[in-house]
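As a basis for the values below, the full set of heavy atoms in this structure was taken, side chains included, without hydrogen atoms, waters or symmetry mates. Every value quoted in this text rests on a predicted model; they were computed, and no experiment measured them. We name chains A, B, ... by the order of the sequence lines, and we start the count at 1 in each one.
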Amino acid sequence: MNKEKPQRIKSVSYSKYGLLFIAPFFIAYILFSLWPLLSTFYYSFFEYVTRNLKTTVEFCGLQNYKNILGLADGERAYFLTYLGNTLRLWILNFIPQVLLALLIAAWLTDNRARLRAKGAYKVLVYMPNIITAASISLLFYALLCKFGPVMSTLRSWGLVGSSSDLMTSKWATSLTISFILFWMWYGNSTLLLIAGMMGINPSLYEAADIDGATSRQKFFHVTLPLLKPVLLYVLVTSAIGGLQLYDIPALYNTGAGGGLIGLPNDTSTTITMYIMRLHSSDTGRAAAVSVLLFIITLIISLIFFRVFREDDGRGRHHKGKKVGA
Amino acid sequence: MKKFFALILALAMTTCLLAGCGNSGASSAAASASGSAAASASTSAPAIPENTITGDPSADGAFVIWGWNTDFVTILEQVLPNYLSADELSRVVFVNAGGSDYYQDKIDEILADPSNDLYPDIMLLEVGYVQKYVQSDYLQDVSALGITKDDMANMYDYNVQLGTDTASGTTKALFWQATPGCLQIRADLAEKYLGTTDAAKLQGMLDSWDKVVAVSKQVNEASGGKVKLLSGYDDLKYIFCNGARTQAWYDENDTIVVDDAMKQYMDVSKQLYTDDSTFNTNQWGTDWAALKDGDGESTEACIAFCGCPWYTYWCLTDTWSANTVLIQGPQSFFWGGTGLAATSDCSDSELAGKILRYTACDTQAMIDINSANGDFVNNKAAIDYIDANGSGTTSTFTCYNDQSIVGFFKDKCEGINASLAKGEDQKICEVLFPVAVTAYANGSSDLDTSLANFKASVHDMYSYLKVD
């Protein structure tokens, strides 16, 4: 009897407090995140038609999904078109971004380089992220539009023709948007990678030094493999953010009249711009787009996790073989 | 499995921010919650302006009027006190939605809720979407407010058409402005490149699209590209949309129709683009605005801008003062204009009738409106009076050689056909069709593809409109 009593009191009281402490998050999460998410699935099965202020709502099964994927008669696969645009913008920004971030992070964590004022560099690379995306977007537009300072200067130097206009070119627009993203977010990636690199045990580098490894070998054979979890985090969060890309393309080169059409010729319209275009007039289709976007995000994330885990396993397997041999 | 669930939940957290992105509350959460590396889940929509409310909407007998700028306030403060009692005026509450971009969203939301204090008794409506409301059940027939056909006899026909539901023939919205379009020619540049400042001669040079294209080319070559006739083909959209069309954007079967005039617009644009004879600007853009003040030597300039009374009075710069020749150009059209209508749940039809009458029907009141704010009013008798006695406008803008602005616009409403107006016109004309025009003009797609893309985009925005 005497033995049991204190045990019971101990276990009950602690778990109770634990639950209490995490409850606020879960309540807010269920109310403001999970519930809207589930209702989005529900709304996506209804057809909303608003004409002259009269709205009719009808259950339509998977029709919304068929429509946006272009599977229904006379419908276009806008979802796929805009997904392609979004991926193009994301990939063009992510590859250079992660390369530059790796380089800067490697420099800033290199003990032999003995860089001074590392803190100042970290602040500087993060700076672009402080300005709101909307302002940057409008700033770039003002700089690069046909009669903006950049084009005017190039024109007066005779480097471009009198009618040349970056805004009418699909690739110029895409590259500019990607550049803005790259410029805004490489600092963030750099900081994450620095954190990852500082977590690597310095004795590994010392051992590599003793073995006569070059900086390059240390980077590719010590830093990169051990940085994988952080790289994965950067990749997944970037992919999720990238798929939801909205503010910069929505303000950079869009059609007049607020239709959220990414110029030129609808080639810089992202999925989220499409959702925003639809959400007030056609809730059902906007919900269907959101759900598909969620599924795609899920798939991409799962693939990343799988790829990295397999890689891990193979590495271990390989090592084991070596030992065995 | 545990990991899998954790992943799904984490993803749900970030992705479902999208689900709630319709309201502004979710957007700040989006910005803070996803510190992702490439781009934050930045679902933050541009800020929606606050309403500015003058008066107390919760007071007994409050009479709420909705608008998106302060144009109507001038009428309310300077004209209506002569025609309404102090008691009636004190009940009027004016809600300024703070800009036209979100006006329809705001008003649509509140129309669905007649018990709301801010439910409009009268609302202001712009020509581009007035038909959406006229064809709904939310507005009252003006005859129920005591306004007869005789009261409307002095109105310009096209404005009556804009406020009338063609199917039932009932008029629901009345306009106090008339907005006939024109071409404004900059006299100093016209003298230099066209060799004349005479309105009749200029009209003769620019009365067809072939001539416009040819003159544009000639000016561009003569000036070495520093001066062009037009700023951009985008400027021409209202001329074609609001003047040249002979068919509505869709037929009685809801099939999308592209009028031959709109195809001509695409051809004209392509020709202008190919000849490099405009600056390819978009209306209201910063580069477009800058072209109004170029000197044509060190900075680029344009000879002609599209105009209409409100534009001529208020939007031309000092460069154009005493330096503007008004001509019709190749086509009569209308550009902009504001009407007002009483809602079906209007709390006081008598007061609504009075406000409509003294804003849009009564000749003397409309002369007063012109004196108060210089509006080119929608009343032929008032315009005749103003033409004979001078306008009281506070605008100091004058034309070249003192060409009479009112005298010029007086007969320019004749021949405008607004019976083709539909509720979807604004989005189609200002948002969707320009994409097709640009794509065809700059060669990124051929005519058939551009038109097919355009029709698909209309269907995508208005799913009840069909592609043939």
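- Ring planes of B:F433 and B:W249: tilted class, angle from 30 to 60°.
- Interface remark: of the candidates A:R51, A:E47, A:K54, A:R51 forms the most heavy-atom pairs closer than 4.5 Å to chain B.
- Here B:D460 pairs with A:R285 in a salt bridge; the nearest charged N to carboxylate O distance falls below 4.0 Å.
- Heavy atoms closer than 4.5 Å to chain B are found nowhere in A:Y43, neither backbone nor side chain.
- In this structure, chain B has a heavy atom under 4.5 Å from the side chain of A:E75, while its backbone stays farther away.
- Of the atoms belonging to B:Y462, not a single heavy atom falls under 4.5 Å from chain A.
- Options B:A452, B:S463, B:G225 differ in how many heavy-atom pairs under 4.5 Å they form with chain A, and the most are formed by B:A452.
- Heavy atoms closer than 4.5 Å to chain B are found in the backbone of A:T50, but not in its side chain.
- Side-chain atoms of A:T270 and A:T272 include no donor-acceptor pair closer than 3.5 Å.
- Heavy-atom distances place the side chain of A:R76, and not its backbone, under 4.5 Å from chain B.
- Surrounding OH of A:Y42 are at most 12 heavy atoms belonging to other residues, nucleotides or ligands under 6.0 Å away.
- Looking at B:L465, the atoms closer than 4.5 Å to chain A (heavy atoms on both sides) all sit in the side chain, from C-beta outward.
- Here CG of A:L100 is found 14.0 Å from CD1 of A:I95. Values are rounded to the nearest 0.5 Å.
- If you measure heavy-atom distances from B:Q426 to chain A, you find no contacts under 4.5 Å at all.
- Of the two parts of B:D254, only the side chain, counted from C-beta on, holds a non-hydrogen atom closer than 4.5 Å to a non-hydrogen atom of chain A.
- B:Q271 and B:K217 form no side-chain donor-acceptor contact under 3.5 Å, judged by distance and modelled atom types alone.
- Below 30°, between 30° and 60°, or above 60°: for B:Y129 and B:Y133 the angle between ring planes is above 60°, a perpendicular geometry.
- B:K132 has a carboxylate O that lies under 4.0 Å from a charged side-chain N of B:D108, or vice versa, which qualifies the two as a salt bridge.
- Ring planes of A:Y29 and A:F26: perpendicular class, angle over 60° (limits at 30 and 60°).
- Between chain A and the residues B:T438, B:D276, B:V435, B:V134, the largest count of heavy-atom pairs under 4.5 Å involves B:D276.
- Within the 4.5 angstrom heavy-atom criterion, atoms from both the backbone and the side chain of B:S457 approach chain A.
- For A:L53, the parts lying under 4.5 angstrom from a heavy atom of chain B are both the backbone and the side chain.
- In terms of non-hydrogen atom pairs under 4.5 Å with chain A, the most contact-rich of B:D105, B:N453, B:N442 is B:N453.
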